[in-house]
Amino acid sequence: MSRRRKSVAVALLLTTASAGAAWMIKRRQDGRRPHVGLYFEDGSMVSLPDTSPQATQLVELGREAVAIVRGA
Amino acid sequence: MSEIVPSAASSALDELLEVSPQVDAAVILRRAGGGLLASAPPTRDRMSDQFGATCVRILEAAEQSRVELGREPIAQVEVATPEGHVFIVADADHVVAAVTDADPTVGLVFYDLKTALRAVREAAAQSDNGLVVAVAEDDSDDPDAAIAGRAGAKWRRKKS
């Protein structure tokens, strides 16, 4: 393999690895962001936008519930 | 009401905490009125009452959102916060709620909560089908005592 091809392969590998790592970090951060999922009897699910007043209220209650359990 | 349902609820929560290490605490409530049926870990009664009351409020808020969205009845709720997640699974009669760490396996926790809810539902159905009646043994001279079941009362399951 020529030197030039080797460099391209290494660059591609580094780019792919960086993109993968960034995707994984973002996914993990998203998972840690407050969110609300409502699951209905018909099997469907709605994720409330975290800016909606309903989600804000539910997240606040969720924090309260977690604090009660952690504080006990 | 017989002790079958609270006992089954308590066993279901013991099992839940055993199989699901992500769950820090859990309660089982009656849907109507939010009365506490069982909680785990068992030594934190005050926490259980407060946690149960907050879960009822979460379910009410979720129900309000459901009405606004014009959707089917709610079966499950997940509220994720950076400090931990609150999971609620409900049917028409009972509610099972749990708090987990901040990075739970969502599907697995819901599965375990639904298993606990099913155990309580089956115990409630069993309790409804086989009404437990107190039968006073007729070995006392005191008719009032016999009626009250104080004279060696036995518990017998009525055949449905």
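Each chain gets a letter, A, B and so on, in the order its sequence line appears, and its residues count up from 1.
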Minimum heavy-atom separation for B:Ala80 to A:Val59, with atom names? O-CG2, 4.4 Å

Max heavy-atom pair count under 4.5 Å with chain A, selected residue of B:Gln50, B:Arg71, B:Arg66: B:Arg71

Chain A heavy atoms under 4.5 Å from B:Val99: which part of the residue, side chain, backbone, both or neither? side chain

Nearest heavy-atom pair of A:Leu61 and B:Ala61: which atoms, and what distance? CD1-CB, 4.1 Å

Residue-level interface, residues 104-121 of chain B with chain A, non-hydrogen cut-off under 4.5 Å: B:Val106, B:Phe110

Residue pair B:Val86 / A:Gly62: nearest heavy atoms and the distance that separates them: CG2-O, 3.7 Å

Can you tell me how far apart CD (A:Gln57) and CD (B:Gln64) are? Round to the nearest 0.5 Å. 6.0 Å

Interatomic distance, CG@A:Leu58 vs CD@B:Glu60, rounded to 0.5 Å, equals 11.0 Å

Are there residues of residues 38-46 of chain A whose heavy atoms fall under 4.5 Å of chain B's heavy atoms? If so, which? A:Leu38, A:Tyr39, A:Phe40, A:Glu41, A:Asp42, A:Ser44, A:Val46

Highest number of heavy-atom pairs under 4.5 Å with chain A among B:Gly52, B:Ala97, B:Ala62 belongs to B:Ala62

Any idea which heavy atoms bring A:Arg70 and B:Glu83 closest together, and the distance? NH2-O, 3.1 Å

Side chain, backbone, both or neither: which part of B:Leu69 has a heavy atom under 4.5 Å from chain A? side chain

Atom NE2 of A:His35 and atom OG1 of B:Thr81: how far apart are they, to the nearest 0.5 Å? 10.0 Å

